[in-house]
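Letters go in sequence order (proteins before strands), and every chain restarts at 1.
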Protein chains: 2
Amino acid sequence: MKTEHRSGCPINLSLEVFGDRWSLIILRDMIFGGKRHFRELLNGSIEGIASNILADRLKRLMELGMLTKADDPSHKQKAIYSLTEMAITLVPIMAHLGAWGRVWLPVSEELSIRAELLEKGGPAMWDQFMDELRHEHLGTPVAAPGRPSVRATLQAGYEAVVARKASSAA
Amino acid sequence: MKTEHRSGCPINLSLEVFGDRWSLIILRDMIFGGKRHFRELLNGSIEGIASNILADRLKRLMELGMLTKADDPSHKQKAIYSLTEMAITLVPIMAHLGAWGRVWLPVSEELSIRAELLEKGGPAMWDQFMDELRHEHLGTPVAAPGRPSVRATLQAGYEAVVARKASSAA
DNA sequence: TGCAACCGATTGCAAAATGCAATCAGTTTG
DNA sequence: CAAACTGATTGCATTTTGCAATCGGTTGCA
C-alpha cells in the first residue's frame, strides 16, 4: 500500500483515489448498473474500457479499500467484486456529480434520467439506495423491506425514456 | 473546442472535465484560497504543481467555460483568472468530497479543518459562500452584507489549529 | 540608469500512463 | 470434444505527466 501523498488535504487525497478517467466509471457501473463481474464491467461499459485498464483499476480499488473480491461458488474462475462501505458512501457525491453534469454538460436524455431522478429523490433516496447497496454487497439486513428498490426505480425511468424515444422516432 | 465524448452520461462527462489530478486542485485554490494569478497558484500550491501543467490546465478550464481571464490594470503582464458560475456551483461537490475524504483518508488536521467547518455549515453556508464567490468573480452584489465571509471563517479555523499545534509542540 | 525580481508562460526531455489488439490457461456448456 | 466464457496478461505505439531550465517582457528600487 502506497503511503506517499502530495498533501493531507481531503480534496487532494480524494483526487488521489479517483482523480482519473476510469475509477469512478467502474464504481458507477457497480453502484447503478449492479455489475459484479469482470466481464460485466468490461462489456457493459458504454465508454469502452480496455481490459488491462479495468484489471489495473480493480486491483487499485481493492488496495485502496473500495472493493473486495470473492469467489463465485457457481464458477471456479468467476470472481465477485463487492463495494465496501467506503465506496457505498460515494453515492451522495455521485448524485451531486450527476446533478452538476446535467446542468453544465451536453448530457444525453436517456443517460441522464437516472441522475435527474436521483437528484429529485434527494438525501432520503440516497440513504435508501446506500442501504440497499449495503444489503447487496455487505450482507446487512434491509431496514425497510417491501419498497421498490432505488436501482429498479432508476432503471424503470431509463427504460421509459428509451421506449418514448423509440416510439416517437417510429 | 473538443466535442468528442465517450458517452452522454453526466458522471462520465463530469469526469472528462475534472477527472485528472490537477484541475480540481487549481479550482480548490481559487475557491478556498482566493488565488487569482498564475504565480499565486504556482507557488501557493502545497501539492507543487509544475508550471507547464498549470498553464495547460488553466487554458483547458477556460476552453471548458470554467474560468475566464482578464488583464490586471496594475501590471501589463498580469492576468486575473475568474471563476464562472459553472465553477462556482462546484462548491457543494467540493464540500462532499472534503467530507468523504475526512472520513476515509489520512487527512492532516490543519488541512481538513476547513472541510470540517464547511461540512458543519451545511447547504446554508455553501450558498453564502457561492454568493460571495459570485460577488468576487462575477461582480454581482452581495445578498446579505456585513456577515463575516465564509472564506475568512474557514481561514480563521485553519489558523486556530495551526496556532494550537504550535503551542502544544513548544 | 541599471539591475534584480517578478510576470505568464514555453521548451526539451525522460518517465509513466493510456489505449488497443492479441493472447493466455482454465472452466463450463452444449 | 469443441465452442464459448472466465479473469486477466502481454506487447507495443501513443499520449500524458513531471521536472528543470529558460523565454521575452514588465516593474520596483537604488
Side-chain angles (χ1 to χ4, degrees), chain A residues 2 4-7 12 15-27 29-30 33 35-64 66-83, chain B residues 2 4-7 12 15-27 29-30 33 35-64 66-83:
Chain A
K2 208 180 291 179
E4 208 174 314
H5 298 296
R6 302 189 300 189
S7 85
N12 171 62
L15 281 181
E16 291 186 17
V17 170
F18 41 72
D20 74 277
R21 294 179 108 59
W22 289 111
S23 298
L24 267 193
I25 293 288
I26 294 168
L27 292 168
D29 286 347
M30 291 187 69
K35 311 285 172 66
R36 306 289 297 262
H37 302 290
F38 191 94
R39 290 282 159 174
E40 280 182 304
L41 289 162
L42 185 65
N43 301 327
S45 153
I46 38 175
E47 286 85 12
I49 190 169
S51 66
N52 55 347
I53 312 237
L54 175 57
D56 179 81
R57 289 307 187 280
L58 288 173
K59 186 179 148 204
R60 211 181 100 86
L61 289 170
M62 286 193 295
E63 288 168 354
L64 289 165
M66 307 271 285
L67 298 179
T68 58
K69 184 180 176 178
D71 291 339
D72 186 328
S74 79
H75 189 306
K76 284 186 182 168
Q77 267 183 318
K78 233 169 176 172
I80 302 182
Y81 292 93
S82 298
L83 301 167
Chain B
K2 209 180 294 179
E4 208 174 318
H5 299 296
R6 301 190 298 188
S7 84
N12 171 61
L15 279 181
E16 290 187 16
V17 170
F18 42 72
D20 73 278
R21 294 180 108 57
W22 289 112
S23 298
L24 267 192
I25 293 287
I26 294 169
L27 292 168
D29 286 347
M30 292 188 69
K35 311 287 173 65
R36 307 289 298 262
H37 302 290
F38 191 94
R39 290 283 159 172
E40 279 182 305
L41 290 162
L42 185 65
N43 301 326
S45 152
I46 38 174
E47 286 86 12
I49 190 168
S51 66
N52 55 344
I53 311 239
L54 176 57
D56 179 81
R57 291 305 187 281
L58 288 172
K59 187 180 148 204
R60 211 181 102 84
L61 289 170
M62 286 194 295
E63 288 169 355
L64 288 165
M66 308 271 285
L67 299 179
T68 58
K69 184 179 175 179
D71 291 340
D72 186 329
S74 78
H75 190 304
K76 285 185 182 170
Q77 268 182 315
K78 232 168 175 171
I80 302 181
Y81 293 93
S82 297
L83 301 167

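- Comparing B:S51 and B:D56 by the nucleotide of DNA chain D that holds the closest heavy atom to each, the one mapping nearer the 5' end is B:D56.
- Distance, B:R6 CZ to C:dC20 C1': 15 Å, rounded to whole Å.
- Set against D:dG7, C:dA21, D:dC19, the side chain of A:H37 has D:dG7 as its closest nucleotide.
- In this structure, B:W22 does not reach the D:dT16 phosphate: none of its side-chain N or O atoms is under 4.0 Å from OP1 or OP2.
- Here the nucleotide nearest the side chain of A:R39, chosen from C:dG19, D:dT6, D:dT27, is D:dT6.
- Nucleotide C:dG19 holds its P atom 11 Å from the CD1 atom of A:I25, rounded to whole Å.
- Minimum atom distance to the side chain of B:H75 is reached by C:dC7, of the listed D:dG11, D:dT17, C:dC7.
- Taking atom CZ on B:R57 and atom C1' on D:dG18, their separation rounds to 11 Å, with Å as the unit.
- Regarding A:D20, its CG atom lies at a distance of 14 Å from the C1' atom of D:dT17, rounded to whole Å.
- Atom-to-atom, CZ of A:R60 to P of C:dA16 comes out at 16 Å; the value is rounded to the nearest Å.
- Donor-acceptor pairing under 3.5 Å, judged by distance alone, is present between the side chain of B:Q77 and the base of D:dG25.
- The side-chain heavy atoms of B:I49 and B:I26, taken from C-beta on, include a pair separated by under 4.5 Å.
- For A:L41 against A:L54, the heavy-atom pair with the smallest separation is CB-CD2, 3.9 Å.
- For the pair B:S74 and A:K59, both in contact range of DNA chain D, the more 5′-proximal nearest nucleotide belongs to A:K59.
- We find that B:D20 and B:R57 are joined by a salt bridge, their nearest charged nitrogen and carboxylate oxygen being less than 4.0 Å apart.
- Of the candidates B:L67, B:L61, B:T68, B:L83 forms a side-chain contact (heavy atoms from CB on, under 4.5 Å) with just one, namely B:L67.
- For the pair A:I53 CD1 and D:dT16 P, the computed distance is 13 Å after rounding to whole Å.
- Among D:dG7, D:dG11, C:dG26, the nucleotide with an atom closest to any side-chain atom of A:K69 is D:dG7.
- Ranked by how close their nearest DNA chain C nucleotide is to the 5' end, A:K76 and A:A50 are led by A:A50.
- Residue B:R21 places no side-chain N or O under 4.0 Å from the OP1 or OP2 atom of C:dA17.
- Atom pair A:D72:CG and C:dG26:C1' shows a separation of 15 Å (rounding to whole Å applied).
- In this structure, B:R60 contributes its side chain and B:V17 its backbone to a donor-acceptor pair below 3.5 Å.
- In this structure, B:I49 atom CD1 and D:dT17 atom C1' are separated by 11 Å, rounded to whole Å.
- Listed nucleotides D:dG7, C:dG12, D:dT17 differ in distance to A:K78; the shortest reach to its side chain belongs to D:dG7.
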